[in-house]
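Worksheet for the structure shown next.
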Protein chains: 2
Amino acid sequence: MTAHRAPEGYDPHAFEPFAVTVDLAVLTIREESLRVLLVERAREPYAGSWALPGGFVLPRESAETAARRELAEETGLSGTTVAGLHLEQLRTYTEPDRDPRMRVVSVAFTALVPDPPEPRGGGDAAQARWIPYGTHAPLAFDHDRILADAHERVGAKLEYTCLATAFCPPEFTLGELRQVYETVWGVELDRPNFRRKVLATPGFVRAVEGPPRLTGGRGKPAALYRAGGATALHPPLLRPEGRSS
Amino acid sequence: MTAHRAPEGYDPHAFEPFAVTVDLAVLTIREESLRVLLVERAREPYAGSWALPGGFVLPRESAETAARRELAEETGLSGTTVAGLHLEQLRTYTEPDRDPRMRVVSVAFTALVPDPPEPRGGGDAAQARWIPYGTHAPLAFDHDRILADAHERVGAKLEYTCLATAFCPPEFTLGELRQVYETVWGVELDRPNFRRKVLATPGFVRAVEGPPRLTGGRGKPAALYRAGGATALHPPLLRPEGRSS
DNA sequence: TCCTTAAGAGTCATGTTGACTATAAAGGGT
DNA sequence: ACCCTTTATAGTCAACATGACTCTTAAGGA
């Protein structure tokens with residue numbers, strides 16, 4: 001091995017430093033479509049382009065803390081609400097020229113948000129919006145790649161974890177849960193089979209006692225469920241055609 | 001949003017910078033046990049402790065390039081050999097105090113090596129060795145956590161990808177492939193069932209034409225196989241009890 | 001009132017898996 | 001040589017899971 005850690009006399013200011021940022025792929029489901037929170041850049045580079053929200057990791061913050069702080073700022077959700085959201089490290093993007101100004105290493109996160117609030121713009125972003133996945137022009141920096149990786153990861157995790165409930169409000173119907181799968185995977189699932197599978201998986205969902213009904217529009221009222229305690233799905237709920245990872 | 005990217009007049013040297021390193025969890029299978037490449041630290045902090053190999057990301061390198069360079073240096077394998085090994089980003093560790101000297105963000109990788117060569121020591125490492133997983137004293141920094149995450153990830157990926165062949169030499173028997181699963185998962189698998197599953201998965205392995213036999217010790221000679229082109233396993237090969245991710 | 005939509009109960013054939021049995025082909029020991 | 005142990009490989013069988021459907025119930029809308 002060469003220099004495993006900073007040598008004893010290492011001077012942090014001696015060479016061109018790395019900047020460390022977080023980028024967030026914030027996903028939600030609204031009106032039958034998978035949407036991602038994007039901001040329009042107000043300044044160069046990529047002024048006028050859309051990008052994933054994100055920002056610098058502060059000197060005494062972990063990347064996850066920074067991500068949660070940015071998430072609260074971008075979505076306008078309260079800190080306590082954001083604390084309950086699903087936030088997961090995706091991967092880190094380190095290509096030397098990914099930012100034309102300087103060396104920036106970005107730790108990307110995926111966040112899943114139920115029931116999306118209207119985002120606030122502000123800062124050096126012209127505006128922030130929930131854009132249907134795949135309908136936007138190419139994003140700034142390498143954000144198309146990050147977003148594609150996030151979509152791929154979420155799609156794969158739906159197969160073998162109970163992650164889908166993270167897209168749903170505290171109480172939801174099996175129809176809403178099924179829509180999560182259909183929207184992320186871009187397929188249609190057989191209702192009775194989906195229902196059988198979910199209910200047969202211990203800990204995936206828990207029936208809500210109260211009035212066993214709810215109206216979302218037409219059709220027979222559906223029973224309400226809450227997320228169960230389980231995190232893994234054994235056996236998994238595989239995509240119809242499907243690849244993974 | 002606050003400051004999405006470095007403002008125009010941003011001075012890279014203005015504040016305490018982050019250092020960016022890579023850490024490698026290099027795994028192999030030798031003598032029926034899962035082993036990890038560890039180095040003994042020659043200097044403070046954690047002098048005398050064992051740690052994962054790793055080092056700085058150079059100014060014009062991506063993290064993956066740095067990881068592959070370190071991997072070649074640590075294992076003594078040639079650059080062309082290392083180019084063929086499975087190397088995958090695990091996650092990034094960013095706790096502010098993970099290194100007592102300065103702010104270090106570390107991008108961790110998992111590497112899978114068949115047929116482990118003897119490592120070379122050198123640099124500021126006292127020595128480097130293949131240590132059976134779980135038998136070592138607590139590692140330096142947060143490397144126990146990184147190593148546990150790597151083990152968990154590899155175990156999970158064996159379920160739904162063809163990753164197991166990355167632990168095997170170019171030609172291997174189904175017994176060797178089964179040992180990969182048994183060693184990483186710490187379970188025993190039923191031979192006929194394992195065989196049936198692997199052979200029934202298109203593209204997992206390809207039979208080698210030549211002399212359909214090989215001697216590893218006692219028992220009937222086994223046919224040889226090579227890795228097939230597939231990367232995903234559908235349906236997956238689930239762990240006996242098992243959780244995932 | 002009829003039609004449409006969605007929930008939810010059930011059926012049936014097929015595919016996969018776990019548990020086992022049996023046979024073949026080596027090596028080691030006596 | 002012979003027997004025993006070890007490992008590969010071929011099958012069998014029942015339990016389980018899944019995909020494709022059918023049918024009934026309970027809304028809302030025209």
Side-chain angles (χ1 to χ4, degrees), chain A residues 31-32 158-160 168 171-183 185 187-208 210-225 230 232-242 244, chain B residues 31-32 158-160 168 171-183 185 187-202 204-208 210-225 232-242 244:
Chain A
E31 291 163 26
E32 318 246 320
L158 288 186
E159 294 192 318
Y160 53 93
C168 298
E171 301 198 339
F172 52 87
T173 67
L174 293 187
E176 290 167 339
L177 189 64
R178 183 172 42 77
Q179 268 229 352
V180 171
Y181 281 89
E182 293 181 334
T183 304
W185 288 347
V187 299
E188 285 216 346
L189 299 178
D190 180 84
R191 283 169 224 249
N193 289 344
F194 179 82
R195 174 189 192 75
R196 173 181 54 181
K197 174 68 182 177
V198 170
L199 295 181
T201 302
F204 195 169
V205 298
R206 247 175 37 231
V208 169
R213 58 180 49 202
L214 165 92
T215 155
R218 296 197 286 278
K220 178 175 173 179
L224 288 175
Y225 295 84
L233 236 58
H234 264 269
L237 204 167
L238 298 177
R239 271 182 272 213
E241 302 302 284
S244 305
Chain B
E31 291 164 25
E32 319 245 319
L158 288 186
E159 293 192 319
Y160 53 94
C168 297
E171 300 198 339
F172 52 86
T173 67
L174 293 185
E176 290 167 339
L177 189 66
R178 182 172 42 78
Q179 268 229 355
V180 170
Y181 282 88
E182 293 182 334
T183 304
W185 287 349
V187 299
E188 285 215 347
L189 299 179
D190 180 83
R191 284 171 224 248
N193 290 344
F194 178 82
R195 174 190 193 74
R196 174 182 53 180
K197 174 69 182 175
V198 170
L199 295 181
T201 303
F204 195 169
V205 297
R206 247 176 36 231
V208 169
R213 56 180 50 205
L214 164 92
T215 154
R218 296 197 286 277
K220 178 176 173 177
L224 288 175
Y225 294 85
L233 236 57
H234 264 269
L237 203 167
L238 298 176
R239 273 182 271 213
E241 301 303 285
S244 306

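To find a chain, count down the sequence lines: A is the first, B the second, and so on, and within it residues start at 1. From a predicted model like this one, the values you see are computed outputs, not experimental measurements.
- Positionally, the nearest nucleotide of DNA chain C for B:P235 lies more toward the 5' end than for the other of B:P192 and B:P235.
- In this entry the distance linking CZ of B:F194 with P of D:dA10 reads 15 Å, nearest Å.
- For the pair A:L189 CG and C:dA7 P, the computed distance is 13 Å after rounding to whole Å.
- As rounded to whole Å, 11 Å separates atom P of C:dG27 from atom CZ of B:R218.
- Among the nucleotides D:dT7, D:dA26, C:dC12, the one closest to the side chain of B:R191 is D:dT7.
- If you take CD of A:E188 and P of D:dG19, they are 15 Å apart, rounded to a whole angstrom.
- Following rounding to the nearest Å, B:R178 (CZ) and D:dT7 (P) show an atom-to-atom distance of 8 Å.
- At the phosphate of D:dA17, neither OP1 nor OP2 sits under 4.0 Å from any side-chain N or O atom of A:K197.
- Nearest-nucleotide mapping onto DNA chain C: of A:Y225 and B:L237, the residue sitting toward the 5' end is A:Y225.
- Put simply, the side chain of A:K197 reaches to within 4.5 Å of the side chain of A:P235, judged on heavy atoms.
- Side-chain atoms of B:L238 and A:H234, non-hydrogen and from C-beta on, do get closer than 4.5 Å to each other.
- Separating the CG atom of A:N193 from the P atom of C:dC12 is a distance of 15 Å, rounded to the nearest angstrom.
- Exactly one of A:V180, A:V205, A:V208 qualifies for a side-chain contact (heavy atoms from CB on, under 4.5 Å) with A:F172. That residue is A:V205.
- Set against C:dA6, D:dA20, D:dT9, the side chain of A:K220 has C:dA6 as its closest nucleotide.
- For C:dG8, one of the phosphate oxygens OP1 or OP2 lies less than 4.0 angstrom from a side-chain nitrogen or oxygen of A:R195.
- Between the side chain of B:R196 and the base of D:dG11 there is no donor-acceptor pair of N/O atoms closer than 3.5 Å.
- Regarding B:H234, its NE2 atom lies at a distance of 15 Å from the C1' atom of C:dT16, rounded to whole Å.
- Although no hydrogens or angles enter the test, the distance criterion places no donor-acceptor pair under 3.5 Å between the side chain of A:Y225 and the main chain of A:L174.
- Residues B:L189 and B:P240 have side chains in contact (heavy-atom distance under 4.5 Å, counting atoms from C-beta outward).
- Rounded to whole angstrom, the span from the CG atom of A:L233 across to the P atom of D:dA17 amounts to 12 Å.
- Of the residues near DNA chain D, B:D190 and B:G175, the one whose nearest nucleotide (by heavy atom distance) lies more toward the 5' end is B:G175.
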